[in-house]
Amino acid sequence: GENVEQHPSTLSVQEGDSAVIKCTYSDSASNYFPWYKQELGKRPQLIIDIRSNVGEKKDQRIAVTLNKTAKHFSLHITETQPEDSAVYFCAASQGGSNYKLTFGKGTLLTVNP
Amino acid sequence: EADIYQTPRYLVIGTGKKITLECSQTMGHDKMYWYQQDPGMELHLIHYSYGVNSTEKGDLSSESTVSRIRTEHFPLTLESARPSHTSQYLCASRGTQHNEQFFGPGTRLTVL
């Protein structure tokens with residue numbers, strides 16, 4: 001089955017700096033890659049996703065890049081703000097009849113004011 | 001408003017009790033999932049269902065069981081709770097037309 005590795009496990013940045021979180025996946029059949037943000041005591045919420053037919057996707061300060069050949073994808077947050085502090089999870093899944101998301105272990109991002 | 005609802009939100013029970021965690025969604029989704037998560041930690045898939053009368057065990061071995069008699073309802077049952085079951089349980093659902101998976105607010109379970 002699919003295996004998703006996520007790094008780093010913790011990341012601390014100064015407000016205004018950029019943050020990058022990286023994930024690798026093992027199953028070349030995976031074609032959907034979402035990122036979830038989970039604030040303390042809250043449910044995970046989708047912040048951005050990318051499909052395998054696209055190399056990059058951007059939404060304001062957040063961007064995701066995908067390298068299918070190397071089987072890795074990354075989350076980029078620019079101009080970080082204290083409210084970006086949360087745990088971020090990457091995930092991967094196949095299309096077709098397999099709708100299970102395989103999650104990475106999460107990255108605790110702390111943005112220091 | 002379309003959403004995923006979980007009850008109870010918090011539960012403290014004694015060892016050996018039987019409990020059922022409720023999950024309902026008004027999203028019209030056919031796929032539903034149960035995850036176990038210690039606060040801020042890894043999400044472990046324990047059960048999933050792709051439709052009525054369809055249930056599968058997830059990646060994490062669990063002593064719980066699930067049922068899917070109605071599309072919108074996916075309850076999880078622990079026949080005999082133990083302190084090792086203390087955790088947060090998150091229900092999720094996903095439609096067919098769009099890949100986005102939505103999570104419920106979670107049930108925080110403490111077994112004494």
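So you know, we letter chains A, B, ... as the sequences are listed, proteins then strands, and number each from 1. In what follows, every heavy atom counts, from backbone to side chain, and hydrogens, waters and symmetry copies are set aside.
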Query raised in the report: So which part of B/Phe103 gets closer than 4.5 Å to some heavy atom of chain A, the side chain, the backbone, both or neither?
Result: both
Query raised in the report: If you check every heavy atom in residues 6-18 of chain B against those of chain A, which residues fall under 4.5 Å?
Result: none
Report task. Please flag which part of B/Pro39 lies under 4.5 Å from any non-hydrogen atom of chain A: side chain, backbone, both or neither. Result -> neither
Query raised in the report: Take atom CD in A/Gln60; do more than 12 heavy atoms of anything else shown fall under 6.0 Å from it?
Result: no
Query - Distance-minimising heavy-atom pair for A/Pro44 and B/Leu90 - result: CD-CD1, 4.0 Å
Report task. Tell me whether A/Val4 is reachable from A/Tyr32 by hopping between hydrophobic residues (I, L, V, M, F, W, Y) whose side-chain heavy atoms are closer than 4.5 Å. Result -> no
**Report entry** Shared hydrophobic cluster, B/Tyr35 / B/Met41 (ILVMFWY, side-chain heavy atoms < 4.5 Å)
**Finding:** no
Report task. Give a yes or no on whether B/Leu112 atom CG has more than 12 heavy-atom contacts from other residues, nucleotides or ligands under 6.0 Å away. Result -> yes
Query raised in the report: What part of B/Glu56 lies closer than 4.5 angstrom to a heavy atom of chain A: side chain, backbone, both or neither?
Result: neither
Query raised in the report: Any chance CD of A/Glu15 has more than 12 other-residue heavy atoms, nucleotides or ligands included, within less than 6.0 Å?
Result: yes
**Report entry** NZ/NE/NH1/NH2 to OD/OE distance under 4.0 Å, A/Arg43 and B/Asp3
**Finding:** yes
Query raised in the report: Can you name the nearest heavy-atom pair linking A/Phe89 to B/Gln37, along with the distance?
Result: CZ-NE2, 3.5 Å
Query raised in the report: Does A/Trp35 share a hydrophobic cluster with A/Phe103, counting links as ILVMFWY side-chain heavy atoms below 4.5 Å and allowing steps through other members?
Result: no
Report task. Measure distances from A/Pro34 to the heavy atoms of chain B and classify the residue's part below 4.5 Å as side chain, backbone, both or neither. Result -> neither
Requested in this report: Nearest 0.5 Å please: distance from the NZ atom of A/Lys100 over to the CG atom of B/Asp59.
Outcome: 4.5 Å
Requested in this report: Spell out, yes or no, whether B/Leu43 and A/Ile47 are grouped together once hydrophobic residues are joined by side-chain heavy atoms under 4.5 Å, including indirect joins.
Outcome: no
Report task. Consider only side-chain heavy atoms of I, L, V, M, F, W and Y, link residues closer than 4.5 Å, and tell whether B/Tyr48 and A/Leu101 are in one cluster. Result -> yes
Query - Rounded distance [0.5 Å steps], NZ in A/Lys105 versus NE2 in B/His44 - result: 8.0 Å
